[in-house]
S.K.: 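The structure under discussion is supplied below as structure tokens; questions concerning it will follow.
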Amino acid sequence: MNKPEEPHHLAKVRQTNALISTVWIIPVLAAIIGIWLLIQNYREKGPEITLLLDNAEGIEVNTTAVRILSVDVGRITKVRLRQDQKGVALTARLNKDVEDLMREDTQFWIVKPRIDQNGITGLNTLVSGSYIAFSPGKSEVEKSTFEVSDLPPVTAIGQNGIRVYLSGKNTKMLSVGSPVLFENHTVGTVESAKFDPKTQMVNYSIFIQSPNESLITSASLFWLDSGVSIRTDGSGISVNAPPLPALLSGAISFFTPKFIDNQTPVTNGDQFKIYNDRRELESQPSPRTLYYVAFFNQSVRGLEIGAPIEYKGIKIGTVADVPYFDGSDGFNLLKNGKIPVRLRLEPYLLETNNRRELHQSKEYWENEIQAALNRGLTASIVSNNMILGSKMIELSDEKSDLPILKPVNEYHGHTVIASRSGSSLDDLQAQVGKLLEKFNALPLEKTIGSLNADLAELKNTLKSAQTMLASTQQTMQNVNQAVITGDKTLKSANNAMNSVNKLINNPSIQQMPAELNQTLRDLRETLKGVSPQSPVYQEVQTTLQSIDRTLKDVKPVIKTLKEKPNSLIFNHNIQDPNPKGQ
């Protein structure tokens, strides 16, 4: 039985928005998250800088790190050639937290294994590879392109001090990292050293650590102090050895004179001149330097530029030029034999105190020296060291019989100081030589030979007389014996008397007085040859007078040795100590 079909009902579709909201919410959320991540990445993204190097040795993209204080703060992301083809350009992405450190004076350098005067550094890069380090700057100007140095900067992060620049025509150049010394104390380092081929000048940049910057003023003087200094000048042999770092690589030394007024403090970037050595520096005149000229007609061998000038053992200056000919005066040297020497006197050497208010002007010292010249101050060349044969100038106001040489009052604009000769050891040696020549010319050998012959003849005569007297004495003893023994026969007595008569009648006995008289006459004639009126006596007298004059000439040398017993060996050219006041 078929069931009746049920009526079909049409399905009704009800529309809803639930599906639409579910499908679109996911991309919306993804977009929001993406935008947030982009914003966060942008906010945390550090600066991108360009680093310029000579080559890319040891540099790897996405591997070579950029560090500060051994902390990674970035990576090298790109390496390319520079447009001028003078090196490579590196692109580095840094962290956000170091963005404020990229300033105009920020310094970059590459760290790799290195051996220099500072020791062995960068050994850890043998395993990890080279990396780029930097030292932040303090400038307020931002910068994104930097030069990368092969050497690290000398100044450390946060180190205080001043930076000054030196330049000079030096015969040698020090390396970066060499010490800067003040009285053999290390107070700074050399940051850079470059040679300019156009000006042929060596330019240095040095950094003086705080608080040593107070040692430098506008009057400070700099020179190269390279290794051990051995000086064999007129004052002897002196050896000066700096500290070990300076001994290995050389150093720059400086000092600040206290006798110069109007000194001002030094600021960053000030310029100074640097000299080859301290000797060249000492030859530079000061504002109060006084120049004089002295003429000498004796040898100036051993008298060199820089030789000391002393007054009563106190150094008051140095020799500036020897010889010091004005124009064509040197052409007349063989005619007149006069050699001019320029003397440089320094007033500060006469001022034994460091108080500026007690220092005198240049005009004051000119008047003082002129007054001394009017009283008879003279110059002479004396020995500074007999072993080395060096000479020096001595100023003296003592009276002397030596001739004075002063051909003019002024020479080349300088006052001429009268000079004396004959007090040096060369002149003493010449006088001793002449004295020996006089001794050799005396007929002493002939006179002494004649005297020796006369004395020999007298000796023989006296010997004969002594023999005869001995025989007479023996005969007299026999006579006495005969008298005492009266019991002897008369014959024995007669025999004894006959013996006495025979002895007395002996021709030798009879001639003995005549021989004695002749010998005495010969001796008298010989002695007349050395009497006060004889030529030999006069020659000996003249020679003794020459010896007396020579000893008088030696008196200044003896006086010097008495005051300075060590002047034969030890150094006279050392710098006089500066007594320090309160």
S.K.: Can you sort out the partners of Leu101 under side-chain contact (heavy atoms from CB on, under 4.5 Å), two or more places apart, ordered by chain and number?
M.R.: Ile68, Val98, Phe134, Pro136
S.K.: Test of understanding: with salt bridge (Lys or Arg N to Asp or Glu O under 4.0 Å), list the residues that count as partners of Glu366, not counting sequence neighbours.
M.R.: none
S.K.: Please examine the side chains of Asn170 and Tyr204, heavy atoms only from C-beta on, and report whether any two atoms are closer than 4.5 Å.
M.R.: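 In short, these two side chains touch, coming nearer than 4.5 Å.
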S.K.: Which residue pairs satisfy the salt bridge (Lys or Arg N to Asp or Glu O under 4.0 Å) criterion with at least one member in residues 46-58, sequence neighbours excluded?
M.R.: Glu48-Arg93
S.K.: Let me know which of Thr264, Thr256, Asp270, Thr267 forms a side-chain hydrogen bond (donor to acceptor under 3.5 Å, both in side chains) with Ser218.
M.R.: Thr264
S.K.: Mind checking side-chain hydrogen bond (donor to acceptor under 3.5 Å, both in side chains) for Asp72 and listing every partner two or more places apart, or none if nothing turns up?
M.R.: Arg67, Arg75
S.K.: Return the set of residues passing ring-ring contact (aromatic ring centres under 6.0 Å, His included) with Tyr275 (not counting sequence neighbours), or none when no residue passes.
M.R.: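 With neighbours one apart ignored, the set is empty.
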S.K.: Got a sec, which residues hit side-chain contact (heavy atoms from CB on, under 4.5 Å) with Glu346, two or more places apart in sequence or on another chain?
M.R.: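 In terms of side-chain contact (heavy atoms from CB on, under 4.5 Å), with neighbours along the sequence ignored, Glu346 is linked to Ser286, Thr289, Arg344, Tyr348, Leu349.
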S.K.: How are the rings of Phe254 and Phe182 set to each other: parallel, tilted or perpendicular (split at 30° and 60°)?
M.R.: tilted
S.K.: Is any side-chain heavy atom of Leu94 closer than 4.5 Å to a side-chain heavy atom of Glu99?
M.R.: no
S.K.: Minimum heavy-atom separation for Val111 to Ala133, with atom names?
M.R.: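 For Val111 and Ala133, the tightest heavy-atom pair comes out as CG2-CB, 3.9 Å.
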S.K.: Thr64: which residues meet the side-chain hydrogen bond (donor to acceptor under 3.5 Å, both in side chains) condition with it, sequence neighbours left out?
M.R.: none
S.K.: If you define the side chain from C-beta out and look only at heavy atoms, does anything of Tyr291 sit under 4.5 Å from Asp321?
M.R.: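 Side-chain contact under 4.5 Å: no.
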S.K.: Can you check whether Val88 reaches Asn55 side chain to side chain, under 4.5 Å on heavy atoms?
M.R.: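 No - every pair of side-chain heavy atoms lies 4.5 Å or more apart.
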S.K.: Considering non-hydrogen atoms only, spot the tightest contact between Val176 and Val190 and give its length.
M.R.: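 Distance-wise, the nearest heavy atoms are CG1-O, 3.6 Å.
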S.K.: If a pair satisfies salt bridge (Lys or Arg N to Asp or Glu O under 4.0 Å) and one of its residues is in residues 100-110, list it, with sequence neighbours excluded.
M.R.: Arg103-Glu142
S.K.: Would you check if there is a donor-acceptor pair between the side chains of Gln370 and Asn374 at a distance under 3.5 Å?
M.R.: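 Looking only at side-chain atoms, Gln370 and Asn374 do form a donor-acceptor pair, the distance falling under 3.5 Å.
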S.K.: State which residues pass side-chain hydrogen bond (donor to acceptor under 3.5 Å, both in side chains) with Ser253; sequence neighbours excluded, sorted by chain then number.
M.R.: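 Checked Ser253 against side-chain hydrogen bond (donor to acceptor under 3.5 Å, both in side chains); matches are Asp225.
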S.K.: Applying ring-ring contact (aromatic ring centres under 6.0 Å, His included), can you list everything that pairs with Phe272, at least two apart in sequence or on another chain?
M.R.: Phe222
S.K.: Is a side-chain N or O of Ser380 found less than 3.5 angstrom from the main chain of Arg420, in a donor-acceptor match?
M.R.: no
S.K.: Can you see which heavy atom on Met102 is nearest to which on Phe108, and at what distance?
M.R.: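 That would be SD-CZ, 3.8 Å.
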S.K.: Contact between Ile417 and Thr415 at the side-chain level, heavy atoms closer than 4.5 Å - yes or no?
M.R.: no
S.K.: Which atom pair, heavy atoms only, marks the closest approach of Ser135 to Trp109?
M.R.: N-CZ3, 3.5 Å
S.K.: Listed by chain and number, what are the side-chain contact (heavy atoms from CB on, under 4.5 Å) partners of Lys198, not counting sequence neighbours?
M.R.: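 Applying side-chain contact (heavy atoms from CB on, under 4.5 Å) to Lys198 gives Asp196.
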S.K.: If you take all heavy atoms of Arg163 and Phe207, which pair is closest and at what distance?
M.R.: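 The answer is NH2-CD1, 3.9 Å.
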S.K.: With sequence neighbours left out, write down each residue that passes side-chain contact (heavy atoms from CB on, under 4.5 Å) with Thr50, or none if nothing qualifies.
M.R.: Leu52, Arg80, Ala89, Thr145
S.K.: Taking all heavy atoms of Thr106 and all of Gly137, pick out the closest pair and write down the distance.
M.R.: OG1-N, 3.1 Å
S.K.: To the closest 0.5 Å, what do you measure between CD1 (Ile208) and OG1 (Thr189)?
M.R.: 7.5 Å
S.K.: Would you indicate whether the side-chain heavy atoms of Val416 and Asn409 approach each other to under 4.5 Å?
M.R.: no
S.K.: More than 12 non-hydrogen atoms from neighbouring residues, nucleotides or ligands closer than 6.0 Å to NZ on Lys194, yes or no?
M.R.: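 12 or below, so no.
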